[in-house]
Amino acid sequence: MIAPTLLVGLGGTGSKIVCRVSQMVTEEQRKRIGFAVFDTDINELREIREANPFIKTIQTSTKLTVGEYLNIDTHARDEWFPVNGILNSKSLTEGAGQVRAISRLALDTAIRAGNMEPLHNAIEELYKLEGDSSEQALRVVIVSSLAGGTGSGLILPVALYLKNYLATKFQASANITRGFFILPEVFYEVIRGQSERNNLKCNTKVFK
């Protein structure tokens, strides 16, 4: 029997992979597998909702620019965000543009705004399973690319958020969390410019 499992897709690549997996599982398996995806790109999230209504979607962006986010989140501006005049005018609804810090900034704002409920619902549905499911540790699988901005910027904060939420809400210290991550070389077939490839590699270095 499949242990209760939550698949979490981060960013465009991670979300696409989770969607693909969701289409491969049987109806019976789907009862024990929850699906949730995070992205800053509003258009990609809309497509996911339309094609996969059972997947929980969390939009981490709003129509605010980076500069407006930083005016709200002064701690990020003063302590860790790489303030840059060019980035300040960027809107997040079209993605993080390979800048990991933008993704983290957007997530922090989404958490404060209470936008994590779809993720909470996906978890709670798995904990409502009957039978012997309560005796099995929840498995959390985080899927993402390490090369882009949104996915790679969310890996650590989302993993920590899940750990704290499960420990606080369900006293579930026995959950098992694993990650499957796509390295930049996978994208070389479609990204051939050396400068673009270097940008992909930079996002990956922090995890090596």
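Along the sequence shown, the residues carry numbers beginning at 1.
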Undergrad: Among Val25, Val37, Val140, Val21, which one satisfies side-chain contact (heavy atoms from CB on, under 4.5 Å) with Leu7?
TA: Val21
Undergrad: Applying the side-chain contact (heavy atoms from CB on, under 4.5 Å) test to Leu6, which of Ile33, Val141, Leu119 qualifies?
TA: Leu119
Undergrad: Please identify each residue that fulfils side chain to side chain donor-acceptor pair (under 3.5 Å) with Ser22, with sequence neighbours left out.
TA: none
Undergrad: Picking from Leu64, Asp108, Thr109, what satisfies side-chain contact (heavy atoms from CB on, under 4.5 Å) with Ile72?
TA: Leu64
Undergrad: Got a sec, which residues hit side-chain contact (heavy atoms from CB on, under 4.5 Å) with Pro157, two or more places apart in sequence or on another chain?
TA: Leu107
Undergrad: Sequence neighbours excluded, which residues qualify as side-chain contact (heavy atoms from CB on, under 4.5 Å) partners of Thr13?
TA: Ile17, Ser145, Ile182, Phe187
Undergrad: Check for a donor-acceptor pair, side chain of Arg32 on one end and backbone N or O of Ile2 on the other, with a separation under 3.5 Å.
TA: yes
Undergrad: More than 12 non-hydrogen atoms from neighbouring residues, nucleotides or ligands closer than 6.0 Å to CZ on Phe180, yes or no?
TA: no
Undergrad: Salt bridge (Lys or Arg N to Asp or Glu O under 4.0 Å) with Arg30: which residues, sequence neighbours excluded?
TA: Glu27
Undergrad: Shortest non-hydrogen contact from Leu146 to Phe181?
TA: CG-CB, 3.6 Å
Undergrad: Which residue pairs pass the salt bridge (Lys or Arg N to Asp or Glu O under 4.0 Å) test with at least one member in residues 11-21, sequence neighbours excluded?
TA: Lys16-Glu44
Undergrad: At their closest point, which heavy atom of Ile102 faces which heavy atom of Lys90, and how far apart are they?
TA: CD1-CD, 3.9 Å
Undergrad: Evaluate side chain to side chain contact (heavy atoms under 4.5 Å, CB included) for Leu10 paired with Ile142, printing each intermediate quantity in order.
TA: CA-CA 7 Å; Leu10 306 179; Ile142 298 175; 3.6 Å; yes
Undergrad: Checking Tyr165 now: which residues fulfil ring-ring contact (aromatic ring centres under 6.0 Å, His included) with it, not counting sequence neighbours?
TA: His120
Undergrad: Under the salt bridge (Lys or Arg N to Asp or Glu O under 4.0 Å) rule, what pairs show up with a residue in residues 57-86, not counting sequence neighbours?
TA: Asp73-Arg112
Undergrad: Where the side chain of Ser89 meets the backbone of Gly85, is there a donor-acceptor pair that is under 3.5 Å apart?
TA: no
Undergrad: Do Val66 and Leu105 have side chains that approach each other closer than 4.5 Å (heavy atoms only, starting at C-beta)?
TA: yes
Undergrad: Go through the structure and list residues passing side chain to side chain donor-acceptor pair (under 3.5 Å) with Thr5, not counting sequence neighbours.
TA: none
Undergrad: Which distance, rounded to the nearest 0.5 Å, do you find between the CD1 of Ile55 and the OG of Ser15?
TA: 8.5 Å
Undergrad: Report yes if some heavy atom in the side chain of Val18 is under 4.5 Å from a heavy atom in the side chain of Val8; otherwise report no.
TA: no
Undergrad: Taking the side chain as every heavy atom from C-beta outward, state whether Leu162 and Ile123 have any pair of such atoms under 4.5 Å apart.
TA: yes
Undergrad: Taking the side chain from Ser61 and the backbone from Thr40, do they hold a donor-acceptor pair closer than 3.5 Å?
TA: yes
Undergrad: For Tyr161 and Ile111, indicate whether the former's side chain and the latter's backbone hold a donor-acceptor pair under 3.5 Å.
TA: no
Undergrad: Does Glu28 have any side-chain contact (heavy atoms from CB on, under 4.5 Å) partners at least two apart in sequence or in another chain, and if so, which?
TA: Thr26, Lys31
Undergrad: Of the non-hydrogen atoms in Ser144 and Ser152, which two are nearest, and what is the gap between them?
TA: OG-N, 3.8 Å
Undergrad: To check you understand the geometry: which heavy-atom pair defines the closest contact between Leu87 and Pro82, and what is its length?
TA: CD1-O, 4.1 Å
Undergrad: Would you say the side-chain atoms of Asn52 pair up with the backbone N or O of Phe54, donor to acceptor, closer than 3.5 Å?
TA: no
Undergrad: Please determine whether a side-chain nitrogen of the Lys or Arg among Glu125 and Lys56 lies less than 4.0 Å from a carboxylate oxygen of the Asp or Glu.
TA: yes
Undergrad: Please tell me if the side chains of Phe38 and Leu45 come closer than 4.5 Å, counting only heavy atoms from C-beta onward.
TA: no
Undergrad: With side chain to side chain contact (heavy atoms under 4.5 Å, CB included) as the test, would you mind laying out the steps for Arg104 and Phe81 before giving the verdict?
TA: CA-CA 9 Å; Arg104 176 185 168 188; Phe81 190 87; over 6 Å; no
Undergrad: State plainly whether one hydrophobic cluster holds both Leu70 and Trp80, where clusters connect Ile, Leu, Val, Met, Phe, Trp and Tyr through side-chain heavy atoms under 4.5 angstrom apart.
TA: yes
Undergrad: Output the distance between atom OG1 (Thr57) and atom CD (Glu47), rounded to the nearest 0.5 Å.
TA: 12.5 Å
Undergrad: Quick check: closest heavy atoms across Ala3 and Ala137, and the distance to 0.1 Å?
TA: CB-O, 4.2 Å
Undergrad: Asn175 and Thr177: which non-hydrogen atoms are nearest, and at how many Å?
TA: OD1-OG1, 3.6 Å
